[in-house]
Amino acid sequence: MDRSARVRILVLGIVTVAAVIGAFVALGVLIDAALGLPRILSPLQRMGVILIPLGILLEGWGARTLWVVGGGTPHPRGAPNQLVTSGPYRFSRNPLYLARIMILGGASFLLGSTGTLALTIGLFLAVNFVLLPREERRLRQRFELAYERYCASVPRWIKVRQ
């Protein structure tokens, strides 16, 4: 795949992720209003100011690492041509999903949105128990022993100790 096609796929992916995150936040706020849900306590709102930028930075770092090291994009149509284990992938096998959960969780705290927090928790559960097992099967088939070794050394979500 040539560079211009990869750039188009990358831009499409960025726009799609931003739109989905925005839709989750908007839906969560609508759920709050429709159900009259209580707002999240204000001390937690400050966490949103930290989580959102950290999530955005992690998303950018992860996508850039896939681009530079793996020669691909986060989008399945432009998947890297090699297993990427550097950058944020040294600490998490799924830094992009982690970043998106951080952004959504941060938005729920910042807005005080119980509905958005509930959707974020639901998304985390769906990703962890449905999406990732399928993705991991595909990666095991594609990269075989290299992926097994990677899984043995880097956890699915976050590596606390080096």
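Model, not experiment: these values are computed from the prediction.
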Taking all non-hydrogen atoms of both residues, which atom of A63 and which atom of L96 are closest, and how far apart? N-CD2, 3.7 Å
If I compare all heavy atoms of L44 with all of F109, which pair ends up nearest, and what's the gap?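 Heavy-atom minimum between the residues: O-CB, 3.2 Å.
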Kindly indicate whether the side chain of [X], heavy atoms from C-beta on, has any atom under 4.5 Å from the side chain of [Y].
X    : Y    : result
S92  : R156 : no
M47  : L110 : no
I103 : I56  : yes
W157 : F124 : yes

Trace of the side chain to side chain contact (heavy atoms under 4.5 Å, CB included) decision for F24 with T120: CA-CA 8 Å; F24 263 82; T120 302; 5.8 Å; no
Quick one: does any side-chain atom of [X] pair with a main-chain N or O of [Y] as donor and acceptor, under 3.5 Å?
X    : Y    : answer
R90  : V154 : no
S153 : Y150 : yes
E148 : R140 : no
D32  : L37  : no

According to a hydrophobic-cluster definition based on side-chain heavy atoms being under 4.5 Å apart (Ile, Leu, Val, Met, Phe, Trp, Tyr only), do L57 and F91 belong together?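 Per the 4.5 Å side-chain linkage, L57 and F91 are not co-clustered.
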Within this structure, what is the OG1-CD1 distance for the pair T114 and I40, rounded to the nearest 0.5 Å?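 If we round to the nearest 0.5 Å, T114:OG1 and I40:CD1 are 5.0 Å apart.
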Find the distance between NZ (K159) and CZ (R93) and round it off to the nearest 0.5 Å.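 Answer rounded to 0.5 Å: 11.0 Å.
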Does a donor on one side chain and an acceptor on the other come within less than 3.5 Å for E135 and Y97?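 A donor-acceptor contact under 3.5 Å links the two side chains.
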